Structures are given as C-alpha cells and as structure tokens.
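Scroll down for the structure; my scribbles are underneath it.
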Amino acid sequence: MSHTAHIPSHRKPRQSASKTALRAGVAGGVLSTIAVAGAAGPAQAEPVTQTIEMPTITAGLSTTVAASAQATQQVALDLETRANEEAAATDAAKKAKKAKAEAVRKAEAKKKAEVEAKAKAEAAERASRTAARTTLSAPSGSSSSSSGSTAASASTVSYSSSATGSAASVVAFVQSHVGDAYVSGGTGPNSWDCSGLVQAAFRTVGVDLPRVSQSQSTAGTQVSLSNLQPGDILYWGGAGSAYHVGVYVGGGQFVGAQNSSTGVVQRSLDYDPPSGAVRVL
C-alpha cells in the first residue's frame, strides 16, 4: 500500500464536460441580454462618471447673505426718503409761488381801491364845494324857487369867447359838450372824464396831448392865472401831479368834466379856483 493512500487530495474534483457547457451557455445568455438592453437605451445617454456635491451653507455664508439683504433694503429706504424729500420741496415751491402771486394780487387790489377811494373823495369834495358856492351865489332877496333857478342859470351861463384860430376851435369843442355825462376813463363822444375832454378838444386842432391830467398839467408853458387866454389848460393840484384839468374859455370862466354829479359844466373860476395853467397854443 502506498504511503499516500490515506492522504486526501486537495485538488477540486474535475467537473464534467456537460456541466461546463451548461454554465457557458448561461453566461453567454446573460451577456447577450445585457448587450441587447444597452442597445435599446437612449443613444445620447452617457455613463455618470461623477456626483455633484451641493454646497454646505455655513454660518459665515449665512451672515454675508443677511448683510447683503439688509444693505439692499437700506438703499431702497434711502431712495424712498429722497423721493419724498424732493416731492415735499416741489410742493413747497408751488405753494410759495401761489402765495406770492396772491399777495401781489391783493396788493394791486388794495392800491386800486385806494386810488378809487381817493378819486371818489375828491369828487365828493368838489361836489360839496359846488353846492355851497351855488347857494352863496344866489341873489339874497329872491324867493327860494327863483333863487334856485337863478343859481342854476348862473352856473351854466354861456359865454361867447373872443378866442380866434385854434383856441376858438378848442373853446367851441368843450362848450358844445356842456351837459354831457362824467364817466371815469371816458373819452367821448357823449361821456368824459376831465383829461379825456381836454385831450379830445386839442386833438381837433392837431395837438396830441397826453391822456392823464398829471401829464397835461406840464404839457405846455406855465402861465399865471392873472394872464389867462382862451384855450389855456387849467389844472388843480401840483404841476405834474394834478388831479383835475379844464379849459379856460375867457370871461373868467372854464369848461370841465367835473364829476358824476354835475357832468360837463361851464363855471366861473371862483366856483373852484385852479392851481395853475399851461399854454399849448
């Protein structure tokens, strides 16, 4: 008996040929199935070679994001504040402009009212003097009715002027409008203010006078009241600041658009003594 007869063999038992063939067939089938499945998959599919790792939000990154959001919010608040300030400034400027315009309007209205009040006061004063002088000029021995009639007749007595040439034309013009109405700013043909009547009278002889009494009182050569000639311009008030004008027609009388109560009248110089006179013709 051999000395190795009882030692078990460590070699694997040899497989039979049938089993080897079977296993080869199974392996081939599996590989074929895998090949077919791969061919049937998407043509563009590529194998995943790596994985993407999402960033981890650390405490530092969180603080940075919060600070950025706060800064953005602050910028928005600053822009809103600036817009509000600009809107407020624009609104304040509009209100200031409106207030200034209103103040100017009120000042002009006040000035106009003062001028009108002054004119009315002067007119009332002249009317009062007219009434007083008419009463004093009435004959003392006549009855009340005849006295009134005589006073009215004396205040409107017509005087045939000795003027000639252009002066005669000026005198004739103003006398022809005695009885017309007085209207502030009136320039005819049937209603006048004092300077409007004088200007129209001199225009008939080709003399273009200024429109207002202040300027008419300096339009010619100053003459004394003791050396008057028909056609001279009489003025009341200062030269350059006169508030009333009329035309001397001779015989110690003048014609002027006095006020709304009397209209255009011819009166004696004693009725309302003028301050001075200028000669244009």
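Every value quoted in this text rests on a predicted model; they were computed, and no experiment measured them.
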(message) Nearest 0.5 Å, please: how far is CG in Leu269 from CZ in Phe254?
(response) 7.0 Å
(request) Mind listing the closest non-hydrogen atom pair of Ala277 and Leu234 along with its distance? (result) CB-CD2, 3.8 Å
(message) Under 4.5 Å between side-chain heavy atoms, counting indirect links through other Ile/Leu/Val/Met/Phe/Trp/Tyr residues: same cluster for Val247 and Val212 or not?
(response) no
(request) Can you measure from CG (Asp78) to CD (Gln74) and round to the nearest 0.5 angstrom? (result) 4.5 Å
(request) Have a look at Val223 and tell me which of Ile233, Val278, Leu228 forms a side-chain contact (heavy atoms from CB on, under 4.5 Å) with it. (result) Leu228
(message) Give me the atom names and distance for the closest heavy-atom approach of Ser169 to Val205.
(response) CB-CG1, 3.6 Å
(message) I'd like to know if the side chain of Asn84 pairs up with that of Thr81 as donor and acceptor (distance under 3.5 Å, no hydrogens or angles considered).
(response) no
(message) Tell me whether Thr218 contacts the main-chain N or O of Ser215 through its side chain, where contact means a donor paired with an acceptor under 3.5 Å.
(response) yes
Could you tabulate the donor-acceptor pairs under 3.5 Å formed by side-chain atoms of residues 192-203, not counting sequence neighbours?
residue, atom, partner, partner atom, Å
Trp192, NE1, Asp180, OD2, 3.0
Asp193, OD1, Gly196, N, 2.7
Asp193, OD1, Arg211, NH1, 3.4
Asp193, OD1, Arg211, NH2, 3.3
Asp193, OD2, Gly185, N, 3.0
Asp193, OD2, Arg211, NH2, 3.0
Ser195, OG, Arg211, O, 2.9
Ser195, OG, Arg211, NH1, 2.7
Gln199, OE1, Arg203, NH2, 3.4
Gln199, NE2, Leu209, O, 3.0

(message) Starting from Val183, can I reach Tyr243 by hopping between I/L/V/M/F/W/Y residues whose side chains sit under 4.5 Å apart?
(response) no
(message) Run the salt bridge (Lys or Arg N to Asp or Glu O under 4.0 Å) test against Lys97 and tell me which residues pass, sequence neighbours left out.
(response) none
(request) Taking all heavy atoms of Val171 and all of Pro230, pick out the closest pair and write down the distance. (result) CG2-CB, 4.1 Å
(request) Test Tyr235 against every option in Gln216, His244, Gln222 by the side chain to side chain donor-acceptor pair (under 3.5 Å) rule and name the one that passes. (result) Gln222
(message) Restricting to non-hydrogen atoms, name the atom on Val264 and the atom on Ala181 that form the minimum distance, rounded to 0.1 Å.
(response) CG2-O, 4.4 Å
(message) With a sphere of 6.0 Å drawn around CD of Glu102, does it hold more than 12 non-hydrogen atoms of other residues, nucleotides or ligands?
(response) yes
(request) Would you confirm whether Ser217, through its side chain, and Gly240, through its main-chain N or O, come within 3.5 Å as a donor-acceptor pair? (result) yes
(request) Provide the closest heavy-atom pair for Gly237 versus Ser275 in the form atom of the first, atom of the second, distance. (result) N-OG, 2.9 Å
(request) Taking all heavy atoms of Val178 and all of Val265, pick out the closest pair and write down the distance. (result) CG1-CA, 4.2 Å
